[in-house]
Protein chains: 2
Amino acid sequence: MKLSTRTRYGMRAIIELAENDRKRPLQLKVIAQRQDISAKYLEQLMVVLKSAGFVRSIRGAKGGYLLAKAPNQIKLSDIFHCLEGTVSTVECIENEDYCKRAADCVARQVWTQVQEAIENVLQSITLQDVVDRAKGDKALDYQI
Amino acid sequence: MKLSTRTRYGMRAIIELAENDRKRPLQLKVIAQRQDISAKYLEQLMVVLKSAGFVRSIRGAKGGYLLAKAPNQIKLSDIFHCLEGTVSTVECIENEDYCKRAADCVARQVWTQVQEAIENVLQSITLQDVVDRAKGDKALDYQI
DNA sequence: ATAATATACTACTAATTTAGTAGGAATAAT
DNA sequence: ATTATTCCTACTAAATTAGTAGTATATTAT
């Protein structure tokens, strides 16, 4: 049950933006370099994040990307849904017609529980929380 | 974050076995038919479940498959791990060397939380629980 | 013994998805 | 004008997943 690089890269990229000053745009190139991601590939992921309204872009020289909302207004679940094409662990959760057994399928019940557990975690964390956590970690480093 | 059919099919198959009388073997063909799975494909999944010790088989005429342990001794997490090749949402959770940033990567922390949530759900459910649930559902049907 | 019924094993193939590349167009700053 | 950047579209490569095929082996029943 691996996450796609799509989701992994996209999440890391938007965390970079959340950690970045919201006034100065951060260039794709820089994010790609810092996160060791193919710039061309990341470009496509940014399109997705942009059209979903999480980031905005400034074109041309000195352009780049910015977080479009306050980091405490963006839940990880939102980003996750936007990146990971399929939200559900199994098709039949969203689409009951997918399988005729759906209505009384115990396996489906289990996968629903799993999915809800995932949702709960991701809904409970905002980008702000992630940024705070990162800062906390760094503060800890200095104490050593 | 879709589950592989491997996991979905395998889980449904072993639930069939758990629902079945533990004395009489259930044939692959029957499971495949009931669950609408390619018999030849399921065959390969049964090998996996067998070598992991969850099911045992009886060859030859009147043969088939049986649950190898009491259903209350098999947690869904065990089956899940055995079927779903990769247990972790991201490689770096198990293998810290996979990425040099791992040690202080906040994304990694998030995925770890997600993974733990999944584990918790699956560890809390045994095959017996699933069987009981299925029976409960059927009992409910009759009342209508 | 032989036929019938099952699982066991190995190898191949097809389909789908995922990841990544390429190249140029549009836009903005200097 | 030149440079730096995002934007857009299409293509390609790699990997994974799902499924098929055929043969070997074991067991039961007649």
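Keep in mind that the numbers below use all heavy atoms, side chains included, and drop hydrogens, waters and symmetry copies. Just so it is clear, the model here is predicted, and its values are computed rather than measured. Here is the naming used below: chain letters follow the sequence lines, and residue numbers restart at 1 for every chain.
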Checking dG19(D), dA18(D), dA4(C) against the side chain of Arg6(B) (C-beta onward), the nearest is dA18(D)
Which nucleotide wins on minimum distance to the side chain of Tyr41(B), given the candidates dT27(D), dG22(D), dA18(D)? dA18(D)
Taking the minimum atom-to-atom distance to the side chain of Arg59(B), which one of dA6(C), dT25(D), dA19(C) wins? dT25(D)
Residue Gln27(A), side-chain heavy atoms: nucleotide from dA29(C), dA11(C), dT6(D) that is nearest: dT6(D)
Check whether any side-chain N or O of Arg133(B) sits under 3.5 Å from a backbone N or O of Val106(A) as a donor-acceptor pair, and report yes or no. no
Does a side-chain N or O from Lys62(B) land closer than 4.0 Å to OP1 or OP2 of dA26(D), or not? no
Residues Lys135(A), Glu19(A): salt bridge by 4.0 Å N-O rule: no
Can you check the Lys50(B) NZ to dA26(D) P distance for me, whole Å? 11 Å
With Asn20(A), which of Val30(A), Leu26(A), Val131(A), Leu67(A) fulfils side chain to side chain contact (heavy atoms under 4.5 Å, CB included)? Leu26(A)
Which of the following nucleotides, dT20(D), dT7(C), dG20(C), is nearest to the side chain of Tyr65(B)? dT7(C)
Side chain of Lys40(B) - closest among dT6(D), dG22(D), dC8(D): dG22(D)
Closest-nucleotide 5' rank along DNA chain D - winner of Ser38(B) and Glu84(B): Glu84(B)
Round to a whole Å and report the spacing from CZ of Arg56(B) to P of dA6(C). 17 Å
Take Glu84(B) and Thr7(B) through the test side-chain hydrogen bond (donor to acceptor under 3.5 Å, both in side chains) and record every step on the way to the result. CA-CA 6 Å; Glu84(B) 193 82 20; Thr7(B) 301; 2.2 Å; yes
Among dT7(C), dA4(C), dA18(D), which nucleotide sits nearest the side chain of Ser4(B)? dA18(D)
Look at all strands and tell whether Lys2(B) reaches a base, only sugar-phosphate, or nothing, counting heavy atoms closer than 4.0 Å. nothing
Provide, to the nearest angstrom, the distance between the CG atom belonging to Leu28(A) and the C1' atom belonging to dT5(D). 9 Å
Among the clusters formed by ILVMFWY side chains lying less than 4.5 Å apart, do Val47(A) and Ile74(A) turn up in the same one? no
On the nucleotide dC7(D), are OP1 or OP2 found under 4.0 Å from the side-chain N or O atoms that Ser57(A) carries? yes
Nearest-Å distance, CD1 (Ile31(B)) to P (dT7(C))? 8 Å
Nearest-neighbour nucleotide for the Glu43(B) side chain, dC7(D), dG22(D), dT28(D) considered: dG22(D)
What do the steps show when you test Gln128(B) against Asp132(B) for side-chain hydrogen bond (donor to acceptor under 3.5 Å, both in side chains), and what is the final call? CA-CA 6 Å; Gln128(B) 184 65 56; Asp132(B) 291 346; 3.0 Å; yes
Among the nucleotides dG19(D), dT6(D), dC8(D), which one has an atom lying closest to any side-chain atom of Thr5(B)? dG19(D)
Measure from CE on Met1(A) to P on dT17(D) and round the result to the nearest Å. 13 Å
Ile37(A) CD1 to dT21(C) P: how many Å, rounded? 13 Å
Examine dG19(D): is either OP1 or OP2 under 4.0 Å from a nitrogen or oxygen in the side chain of Tyr9(B)? Give yes or no. yes
Between Leu45(A) (CG) and dC8(D) (C1'), how many Å, whole number? 15 Å
Closest to side chain of Lys29(B), choosing from dT6(D), dT27(D), dA6(C): dA6(C)
Where each residue is assigned the nucleotide of DNA chain C containing its nearest heavy atom, which of Gly60(B) and Gln44(A) is assigned the position nearer the 5′ end? Gly60(B)
Could you tell me the separation between the CG atom of Leu42(A) and the P atom of dA19(C), rounded to a whole number of Å? 13 Å
For Arg8(A) and Ala61(A), take the nucleotide of DNA chain C holding the closest heavy atom to each; which residue's nucleotide lies nearer the 5' end? Arg8(A)
